[in-house]
Amino acid sequence: MRLDKLLSHAGYGTRKQVKELIKNREVSVDNKVITKSNIHIDPERQLIEVNNQRVDYQKYIYIMLNKPPNYLSATVDRYDKTVLDLIPEKYKHYNLAPVGRLDKDTEGLLLLTNDGQLNHVLTSPNKKIFKTYFAKIKGIVEEKHIKKFEKGVILDDGYQTKEAFLDILKSDTISEIKLSISEGKFHQVKRMFQAIDMQVLYLKRTSMGNLSLDKNLSIGEIRLLNESEITYLQSLKK
Ligand code: URA
């Protein structure tokens, strides 16, 4: 990677500002002052310093978003706003992609990363990483529905869902539930309730495996994952 590009991505200013730093002999690579911006370096192997401070270059980045409604889980769209519109400019060069899709009207935990392997692991049904949703349901959700979801229900396209765990928080004309599923079929939660003649009125994802939506994150806000969250996600790759 070009030195000026790397420093710019690492937050040392625009390419022009970075070129100035280099010209002013403020940048060194492997303890040698560098005066050319266009040299190529390997940030994984080489020590890069600006004014004797080590440059913290991250290959992968993991961002937690509390997704608001009206945003698509996509990177670009001709008509709608996408979740990338909620990501600060300084992270945009990372080639981020959402991990799995939430519907336009679904809220809650959405991870964005440039770590393709992790993206695959978290979304692959074979890995059985349970995603938990909170939902408001039109109709009275009852004990009998717990068994039904556990056994699997038949969706409108004939697909039989895998074991899912339903927790009834409030059973009323508008019920409140938690549902954990290990798959991510299109509109899966909504279609599972459709299969038992009920309708999802509100849907929010609250966790993926042991990674939970940060309660301090307001809707539309992002934060970087912390060390222990990243360690947990890395452990899923093994
Ligand atoms: N299931 C749905 O129906 N919608 C989502 O956004 C996620 C899961």
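Counting starts at 1 for both ligands and their atoms, in listed order.
Across V200, L110, V189, heavy-atom proximity to atom 1 (N) of ligand 1 is greatest for V189.
No more than 12 heavy atoms of other residues, nucleotides or ligands sit less than 6.0 Å from atom NZ of K5.
Between K190 and ligand 1, at least one pair of N/O atoms sits closer than 3.5 Å.
A donor and an acceptor atom, one from each side chain of Y62 and D115, are located under 3.5 Å apart.
A cation-pi arrangement is absent between K104 and Y79, since the terminal nitrogen or guanidinium carbon is not both under 6.0 Å from the aromatic centre and inside a 45° cone about the axis.
The part of L203 lying near ligand 1 is the side chain, judged by heavy-atom distances below 4.0 Å. Both the backbone and the side chain of D103 come within 4.0 Å of ligand 1, counting heavy atoms alone.
Of all the atoms in ligand 1, the ones that sit under 4.0 Å from a non-hydrogen atom of T106 are 4 (N), 5 (C), 6 (O).
Remark: distances from the non-hydrogen atoms of Y133 to ligand 1 include one below 4.0 Å.
Remark: K185 does not engage D157 in a salt bridge, criterion side-chain N to carboxylate O under 4.0 Å.
Just one of N66, N216, D214 meets the side-chain hydrogen bond (donor to acceptor under 3.5 Å, both in side chains) condition when paired with R223; it is D214.
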